[in-house]
Peer 1: 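Below are the structure tokens for one structure; questions will follow.
Everything quoted here is computed from the prediction, not taken from an experiment. Each chain gets a letter, A, B and so on, in the order the sequences are listed, and its residues count up from 1.
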Amino acid sequence: MDLLHGLNPQQRAAVTAPTGPVLVLAGPGSGKTRVLTHRLAYLVRELGASPESVVALTFTNKAAREMGGRVQALLRAGGSSDSSAPRPSLGTFHAFAARLLRREAGRLPVSREFVIFDESDQQELVRQALKELNLDPKQVQPGAVHAAISQAKNELQGPEQYPRGTYFAEITQRVYVRYEELLQLNNALDFDDLLLLPVRLFRQEPELLQSYRRRYPHLLVDEFQDTNTAQYTLLRLLGGEDPDLFVVGDPDQSIYRWRGADYRNVLRLQQDYPRLQTFLLEQNYRSTQTILDAAMAVIDRHPDRTRKRLFTERGRGQALLFHEAYDPADEAAFVVDTIAGLVAAGEVEPGDCAVMYRTNAQSRALEEAFLKASLPYRLVGAQRFYGRREIRDLLAYLRLIHNPSDQVSLLRALNTPPRGIGDKSAAALLAAAASAGLSPGELLLALARGDPPAAASSLPPRARPALEAFGAMLAGLIATAGDLPLDRLIDQVILEAGFRPFLDDGTEEGADRWANVLELRGVAAESSAVGLVEFLEQVALVSDQDTLTESVNAPTLLTLHAAKGLEFPVVFILGLDEGELPHHRSLEDPEAMAEERRLFYVGLTRAENRVIVVRAFRRRVGGVFTASDPSRFLDDLPADLVEGDLLGMGLRAQASYARQTRWESPAPRPIGPRYAMGMRVRHPSFGEGVVMETMLHSDDEEVTVEFERGGVKRLSASVAPLEILE
DNA sequence: TAGTCTGGGCTTTTT
DNA sequence: GCCCAGACTA
């Protein structure tokens with residue numbers, strides 16, 4: 001089979017580009033995964049690269065799995081490989097880095113058995129550090145300090161380089177120092193370390209870097225716009241001066257700025273590699289032209305970007321639908337009714353519909369509406385499976401068995417289920433362990449063995465029996481862990497710790513909790529071939545989307561963030577209100593506002609056939625009902641692409657504007673923008689000026705010009721007598 | 001030590 | 001309005 005068969009000319013050009021730095025700017029639905037997988041196969045099948053010399057990095061496990069499946073099919077179609085053949089390294093940045101670090105653990109401050117601390121473990125460490133530094137967690141928010149530390153790590157800043165100067169920075173710097181010590185004491189690395197440490201290793205040990213460069217001469221990266229400084233630097237190091245680096249991304253879909261992602265890495269790439277070849281994928285295979293036009297109108301308001309002209313062969317399709325509801329409950333009812341109506345009319349299956357919103361809190365009203373109508377739904381995210389308390393409790397035991405020095409897990413497991421070891425006993429244990437120079441876990445094990453160090457005598461007699469019992473249980477579990485498959489080990493933990501009666505207390509929630517534990521056991525049973533280390537790593541590096549099951553034929557409820565990378569025939573976007581989308585926390589910061597816009601763009605471009613945007617006349621802000629203003633983004637939807645009750649002020653204004661322009665001048669549809677930012681223009685009455693912004697509607701171009709006299713004016717290109725100067 | 005009460009705060013969350 | 005953390009009480 002021809003590898004290039006079925007690729008469009010743009011895709012084909014990218015796939016067959018000469019090796020070297022390559023950037024593919026891929027619009028939504030333009031087949032970027034296809035390009036990436038075909039490029040990989042092209043390297044192997046046509047250019048003779050060995051599969052194991054290729055690294056392909058993604059951000060989610062799901063993307064990695066998808067790519068893996070397609071790559072395997074392509075390579076097998078090439079006839080070259082059987083199941084035992086070498087395979088490319090294909091995985092998330094974090095998984096790739098974690099593997100590297102285990103391999104090179106000898107060069108690290110932690111042992112090869114290190115555990116990976118997630119968000120909430122990290123918070124816990126910050127809390128602990130604050131406490132040790134006698135800082136009141138009410139005055140210094142642990143979350144804020146943690147975010148600052150995480151950001152520093154993403155920027156490759158260690159505690160020594162952390163800038164001081166403000167009170168907060170001073171506090172953060174001190175917490176950061178202690179935080180790092182605590183990680184090491186726990187024999188743990190956090191998410192950020194997984195990226196930061198390889199960079200540090202490579203910088204410190206040039207020979208090591210050389211060996212990895214030889215090992216992986218071919219690099220491919222998905223969702224490049226989401227890379228942060230650490231990831232970018234890692235790629236630069238691995239690539240060297242003249243890399244074979246093939247990256248695919250879309251700056252318009254960059255929505256993780258707050259996690260350190262910087263779409264400007266795309267521009268950096270152009271500066272760092274003058275030889276960079278750039279390809280644009282503009283043909284869309286997902287949406288109708290109407291949806292694409294609406295989405296472009298929204299995103300084209302961003303200045304300073306490579307404009308993409310998204311087009312499709314699918315035809316114009318139906319107009320977007322706008323609806324203004326009274327309040328969130330009414331909004332949700334509208335969604336349920338509309339879906340029910342579409343289904344009844346035979347237009348769609350329930351599973352074709354997705355309902356997207358800015359914040360998880362908005363799912364509540366929806367869930368209630370679905371429940372009320374007794375219709376099923378699928379909820380993505382919200383309470384992440386691995387974030388659930390009972391799951392974390394059980395995992396704490398497994399982590400402890402694997403790494404008794406993990407103090408965060410120990411403190412969690414110690415009195416869960418309650419066994420009479422309260423704060424006092426726990427504090428005494430920590431103190432005794434510190435003076436004995438052991439981790440608390442090790443002290444407990446020593447206690448259980450009957451050879452306690454002298455410092456153990458400081459433990460209050462009342463606390464001792466319970467601590468000894470816990471130590472004995474832990475010792476027993478550790479002893480049997482090696483012989484048992486994972487699911488049996490979990491059974492053992494459940495039994496000895498007494499989880500079942502603790503969780504399954506007869507209430508409905510209790511039954512849910514127990515069901516969750518059984519689900520974890522099921523996951524373990526499936527991966528019982530892998531050891532405890534691999535299982536824990538797997539579990540630490542999973543995400544929400546990984547738990548999204550496709551089997552149920554019901555509408556999907558999810559945040560706009562969670563929607564990235566997915567597609568649905570019918571998409572509802574809720575809460576198009578100022579303060580909601582854009583979110584009120586983004587109103588002040590232009591960069592944050594730009595990201596809100598991209599978020600809306602991501603939502604729109606998930607849709608294949610229909611988009612329904614909804615807002616509510618009044619919302620509750622912190623318990624109080626307030627009248628809300630329609631989102632500014634509604635104004636950017638070209639009025640002639642939208643139907644519905646046009647109660648939103650912006651849309652109403654635009655509707656009359658559109659009527660006017662269409663009545664007075666049926667302008668020919670521009671093929672591309674005639675004006676560009678920075679262009680000098682002249683107007684007979686306003687004089688000369690500079691184009692600030694230009695926005696393409698489906699039948700007109702709207703130009704914002706700053707005139708030397710007369711200020712800023714927004715003009716319709718088809719009507720205004722603008723003259724372009726040199 | 002364990003259960004109940006009160007008050008603050010509240011985006012998004014690929015790994 | 002809801003949830004979590006820490007304080008308070010039995």
Peer 1: If each of A/Gly420 and A/Leu194 is mapped to the nucleotide of DNA chain B with the nearest heavy atom, which maps nearer the 5' terminus, i.e. the 5' end?
Peer 2: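 Closest to the 5' end, via its nearest nucleotide, is A/Gly420.
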Peer 1: Kindly assign one of parallel, tilted or perpendicular to the pair A/Phe370 and A/Tyr377, based on the angle between their ring planes and the thresholds 30° and 60°.
Peer 2: tilted
Peer 1: Using the rule for Phe, Tyr, His and the six-membered ring of Trp, do A/His583 and B/dT11 stack at under 5.5 Å and under 30°?
Peer 2: yes
Peer 1: Can you tell which of B/dT14, B/dT11, B/dT13 lies closest to the side chain of A/Glu596?
Peer 2: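 Minimum distance to the A/Glu596 side chain belongs to B/dT11.
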Peer 1: Answer yes or no: is there an ion pair linking A/Asp190 with A/Lys153, defined by an N-O contact shorter than 4.0 Å?
Peer 2: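 Result for this pair is yes, salt bridge flagged.
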Peer 1: Would you say A/Thr559 places a side-chain N or O within less than 4.0 Å of OP1 or OP2 belonging to B/dT13?
Peer 2: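 So the side-chain polar atoms of A/Thr559 do come within 4.0 Å of the phosphate oxygens OP1 or OP2 of B/dT13, strictly under.
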Peer 1: Expressed in angstrom and rounded to an integer, what is the separation of A/Gln231 atom CD from B/dT14 atom C1'?
Peer 2: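 Roughly 9 Å, once rounded to whole Å.
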Peer 1: Could you work out which one of B/dT11, B/dT13, B/dT1 sits closest to the side chain of A/Lys424?
Peer 2: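 Of the options given, the side chain of A/Lys424 lies nearest B/dT1.
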Peer 1: Could you check how far CD of A/Gln151 sits from C1' of B/dT13, rounded to whole Å?
Peer 2: 15 Å
Peer 1: Tell me whether the side-chain N/O atoms of A/Arg127 come closer than 4.0 Å to OP1 or OP2 in C/dG6.
Peer 2: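 Yes, within the criterion.
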Peer 1: Using a heavy-atom cut-off of 4.0 Å across all strands, would you classify A/Asp192 as base, sugar-phosphate, or nothing?
Peer 2: nothing
Peer 1: Pick the P atom in C/dC4 and in B/dT13, then give their distance to the nearest Å.
Peer 2: 16 Å
Peer 1: In whole angstroms, how far is the P atom of C/dA5 from the CD atom of A/Gln128?
Peer 2: 15 Å
Peer 1: Quick one: is C/dC3 close enough that its OP1 or OP2 comes under 4.0 Å of any side-chain N or O from A/Arg364?
Peer 2: yes
Peer 1: Looking at side-chain heavy atoms only, is the closest gap between A/Arg259 and A/Asp226 below 4.5 Å?
Peer 2: no
Peer 1: Taking only side-chain nitrogens and oxygens of A/Asn360, does any of them come within less than 4.0 Å of OP1 or OP2 of B/dT13?
Peer 2: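 Looking at the OP1 and OP2 atoms of B/dT13, one of them is under 4.0 Å from a side-chain N or O of A/Asn360.
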Peer 1: Give the rounded distance in Å between these two atoms: CD1 of A/Ile573 and P of B/dT12.
Peer 2: 17 Å
Peer 1: Where the side chain of A/Asn415 is defined as all heavy atoms beyond and including C-beta, which of B/dT14, B/dT11, B/dA2 is the nearest nucleotide?
Peer 2: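 Ranking B/dT14, B/dT11, B/dA2 by closest atom to the A/Asn415 side chain puts B/dA2 first.
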Peer 1: What's A/Glu223 touching, base or sugar-phosphate or nothing? Going by heavy atoms closer than 4.0 Å.
Peer 2: nothing
Peer 1: Return no unless some side-chain N or O of A/Asn228 is found under 4.0 Å from OP1 or OP2 of B/dT14.
Peer 2: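 For B/dT14, neither OP1 nor OP2 has a side-chain N or O of A/Asn228 closer than 4.0 Å.
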Peer 1: May I have the distance from A/Leu414 (atom CG) to B/dA2 (atom C1'), rounded to whole angstrom?
Peer 2: 15 Å
Peer 1: Report which part of the nucleic acid A/Ser425 touches: base, sugar-phosphate, or nothing (heavy-atom distance under 4.0 Å, all strands).
Peer 2: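 The answer is sugar-phosphate, as A/Ser425 gets under 4.0 Å only of primed atoms, P, OP1 or OP2.
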Peer 1: Separation of A/Asp118 atom CG from B/dT13 atom P, in whole Å?
Peer 2: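 Value for this atom pair: 15 Å.
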Peer 1: Base, sugar-phosphate, or nothing for A/Ile421, non-hydrogen atoms under 4.0 angstrom?
Peer 2: sugar-phosphate
Peer 1: Let me spell it out: for each of A/Pro418 and A/Arg585, pick the nucleotide of DNA chain B with the closest heavy atom. Which residue's pick is nearer the 5' end?
Peer 2: A/Pro418
Peer 1: If you check every side-chain atom of A/Arg259, which of B/dT12, B/dT14, B/dT11 has the closest atom?
Peer 2: B/dT14
Peer 1: Figure out the CG/P separation between A/Asn61 and B/dT13, and round it to whole Å.
Peer 2: 17 Å
Peer 1: Under 4.0 Å: is that the gap between some side-chain N or O of A/Gln141 and OP1 or OP2 of B/dC10?
Peer 2: yes
Peer 1: Tell me whether A/Trp258 is stacked on the nucleobase of B/dT12, counting only the six-membered base ring and applying the 5.5 Å and 30° thresholds.
Peer 2: yes
Peer 1: Look at the rings of A/Tyr179 and A/His146 and say which category their plane angle falls in: under 30° parallel, 30 to 60° tilted, over 60° perpendicular.
Peer 2: tilted
Peer 1: Taking atom P of B/dT11 as reference, at what distance in whole Å does atom CG of A/Leu558 sit?
Peer 2: 19 Å
Peer 1: Can A/Glu331 and A/Arg619 be counted as an ion pair, charged N to O under 4.0 angstrom?
Peer 2: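 Yes.
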Peer 1: Under the rule for ring-ring contact (aromatic ring centres under 6.0 Å, His included), what residues qualify as partners of A/Phe572, not counting sequence neighbours?
Peer 2: none
Peer 1: If we count only N and O atoms by modelled type, under 3.5 Å, do the side chains of A/Glu124 and A/Gln122 hold a donor and an acceptor together?
Peer 2: no
